[in-house]
*Asks:* 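Have a look at the structure that comes next, please.
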Amino acid sequence: MELNLKNRPFNLNHTLNCGQAFRWDKIDNWWYGVVKENIIKIKQIDNKLIFFTYPKENNTKLVKNYFRLNDDLNYIVRQINKDKYINEAIRKFYGLRIIRQEPWECLISYICATNTNIPIIRNMIFNLSKKFGEKIKFGNHKFYTFPKACILAKAGLDILKKCGIGYRAEYISKASKMTNNNEIQFNRLSKINYQAVKKELLQIPGVGPKVADCICLFSLDKLDAFPVDIWVTRSILELYHKYFDSLFTKKISGKKYKSLTLAEYNKINSFGKKYFGKYAGYAQEYLFYYKRMYNSFIRS
DNA sequence: ACATCCCCTTAGCC
DNA sequence: AGGCTAAGGGGAT
């Protein structure tokens, strides 16, 4: 199946490499991912996307929706392009789009994403899927769907821990039970505003402000959410310190990789939202990817 | 009501 | 070889 992007800016590699989604692999120049109960095999050639979906074939709707191809990216980028720093990130990673993930999978993924790094997060989610998901064979490759809430809700802590998730096992177990009990209703959450969604997400064990913001941004259409992780903190301290008092920046930079307090998180978070506006989430992702890439570059 | 300190798995890196 | 780092959160004080 072919999808002509026409003049819609999109860069598949940036979108899948930037660290927002953990379930994609590049094999022989094709990206493979599991989205809902489907496998997507996809590559980009100039302004064309070439893809296969399985088991439901030619599922253009799934691809368009997942990659948010209907977002007016040129307009969004114009809204967040406030200074030379973000401008450089936008130019460097032009075409990066926020992905619309499944809320349930996104919740568990970002509970896994605390106090660890992207390769380990990918492992945790793969292990959970392999042990508790359903196997799908596609070509010469095997894939696993993300496990349903009712399955994880029944799983014992000892079995969960064999997936390498450590202390997160209890959070995942409780979050699964809440989802399975209908205490968390994602289709309702996608319809209420950012503040209200975040407040509800914070009731889930293992979900603090950072994880809640990630779920809002990557799965619940809250493009104004501005997650603040270590990389965003660094880029704010380096590039935007003039918007904070020197006492604050000094305190944060002296923390040496210890986590932010709630007050500190909220201060950076509300700066991001105010400064970049209603598409602050897009700005966050460009800054995050830019800072992470640049730091790994100067280390190697 | 707030802030501070400490613990929590895992793996790659130096 | 042991400490540090990584898309942080929770609980005790």
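Predicted, not measured: the structure shown is a model, and the values here were computed from it. Residue numbers start from 1 in every chain, and the chains themselves are labelled A, B, ... in the order their sequence lines are given, proteins ahead of strands.
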*Asks:* Less than 3.5 Å apart, any donor N or O on the side chain of A:N74 or A:R78 sitting next to an acceptor on the other?
*Replies:* no

*Asks:* I want to check one thing: is the phosphate of C:dA7, taken as OP1 and OP2, less than 4.0 Å away from some side-chain N or O of A:R122?
*Replies:*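 Result: no.
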
*Asks:* When all nucleic acid strands are considered with a 4.0 Å heavy-atom cut-off, which category describes A:Y289: base, sugar-phosphate, or nothing?
*Replies:*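 Answer is nothing: A:Y289 stays at 4.0 Å or more from every strand.
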
*Asks:* With distance as the sole criterion, do the side chain of A:N115 and the base of B:dT9 form a donor-acceptor contact below 3.5 Å?
*Replies:* yes

*Asks:* How many whole angstroms separate atom CD of A:Q20 from atom P of C:dA7?
*Replies:* 14 Å

*Asks:* Going by an N to O cut-off under 4.0 Å, is there a salt bridge joining A:D221 and A:R68?
*Replies:* yes

*Asks:* Side chain of A:Q284, base of C:dA7: donor and acceptor closer than 3.5 Å?
*Replies:* yes

*Asks:* For the side chain of A:T261, starting at C-beta, report the closest nucleotide among C:dG9, B:dT4, C:dA7.
*Replies:* B:dT4

*Asks:* A:V228 and side-chain contact (heavy atoms from CB on, under 4.5 Å): which single residue from A:I236, A:N269, A:N266 fits?
*Replies:*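 Checked A:I236, A:N269, A:N266 against A:V228; only one passes side-chain contact (heavy atoms from CB on, under 4.5 Å): A:N269.
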
*Asks:* Picking from C:dA7, C:dG8, C:dA6, which would you name as closest to the side chain of A:R234?
*Replies:* C:dA6

*Asks:* Restricting both atoms to N or O, compile the protein contacts to nucleotides 10-13 of chain C shorter than 3.5 Å, with distance only.
*Replies:*
residue, atom, partner, partner atom, Å
C:dG10, OP1, A:G206, N, 3.0

*Asks:* Atom CZ of A:R168 and atom C1' of C:dG9: how far apart are they, to the nearest Å?
*Replies:*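 Those two atoms, CZ and C1', are 10 Å apart.
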
*Asks:* Please examine the side chains of A:Y110 and A:F218, heavy atoms only from C-beta on, and report whether any two atoms are closer than 4.5 Å.
*Replies:* yes

*Asks:* What's the gap between C:dG9 and B:dG12 when it is taken at their C1' atoms, as a whole Å value?
*Replies:* 23 Å

*Asks:* From NZ of A:K258 over to P of B:dT4, roughly how many Å is that when rounded to an integer?
*Replies:*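 Those two atoms, NZ and P, are 11 Å apart.
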
*Asks:* Test the A:K291-A:W231 pair against the cation-pi criterion, namely NZ or CZ under 6.0 angstrom from the six-membered ring centroid and within 45° of the ring axis.
*Replies:* no

*Asks:* Please give, in whole Å, the distance from C:dG9 P to A:L107 CG?
*Replies:* 12 Å

*Asks:* A:G164 near the nucleic acid: base, sugar-phosphate alone, or nothing, with a heavy-atom cut-off under 4.0 Å?
*Replies:* sugar-phosphate

*Asks:* How long is the straight-line distance from NZ of A:K198 back to CG of A:L189, given to the nearest 0.5 Å?
*Replies:* 14.5 Å

*Asks:* Between A:T116 (side chain only) and A:A113 (backbone N and O only), is there a donor and an acceptor less than 3.5 Å apart?
*Replies:* no

*Asks:* C:dA6 P sits how many Å from A:K210 NZ, rounded?
*Replies:* 13 Å

*Asks:* Remember a base hit wins even if backbone is also touched, and classify A:I120 as base, sugar-phosphate or nothing at under 4.0 Å, heavy atoms.
*Replies:*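 Result for A:I120 = base.
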
*Asks:* Taking the six-membered ring of A:F248, is NZ or CZ of A:K267 closer than 6.0 Å to its centre and within 45° of its axis?
*Replies:* yes

*Asks:* Would you mind reading off the distance between A:N269 atom CG and C:dA7 atom C1', rounded to a whole angstrom?
*Replies:*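 After rounding, the gap between these two atoms is 14 Å.
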
*Asks:* Would you indicate what A:A169 reaches in the nucleic acid, counting non-hydrogen atoms under 4.0 angstrom: base, sugar-phosphate, or nothing?
*Replies:* nothing

*Asks:* Starting the side chain at C-beta, find the nucleotide from C:dG8, C:dA6, B:dA3 nearest to A:A263.
*Replies:*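 Closest nucleotide among those given: B:dA3.
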
*Asks:* Salt-bridge test for A:E264 and A:K251: reply yes if a basic N is under 4.0 Å from a carboxylate O, no otherwise.
*Replies:* yes

*Asks:* What would the secondary structure line of DNA chain C be in dot-bracket form, counting Watson-Crick and G-U wobble pairs under 3.5 Å, with [ ] for pairs that cross earlier ones and | for pairs with another strand?
*Replies:* .|||||.||||||

*Asks:* Rounded to whole angstroms, how far apart are CE on A:M293 and C1' on C:dA6?
*Replies:*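 The answer, rounded to whole Å, is 17 Å.
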
*Asks:* What is the nucleic acid contact for A:E264, judged by heavy atoms within less than 4.0 Å: base, sugar-phosphate only, or nothing?
*Replies:*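 Touches nothing.
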
*Asks:* Output yes when A:D224 and A:K273 qualify as a salt bridge under the 4.0 Å nitrogen-oxygen rule, no when they do not.
*Replies:* yes

*Asks:* Can you measure A:Y265 atom OH to C:dG9 atom C1' for me and round it to whole angstrom units?
*Replies:* 12 Å

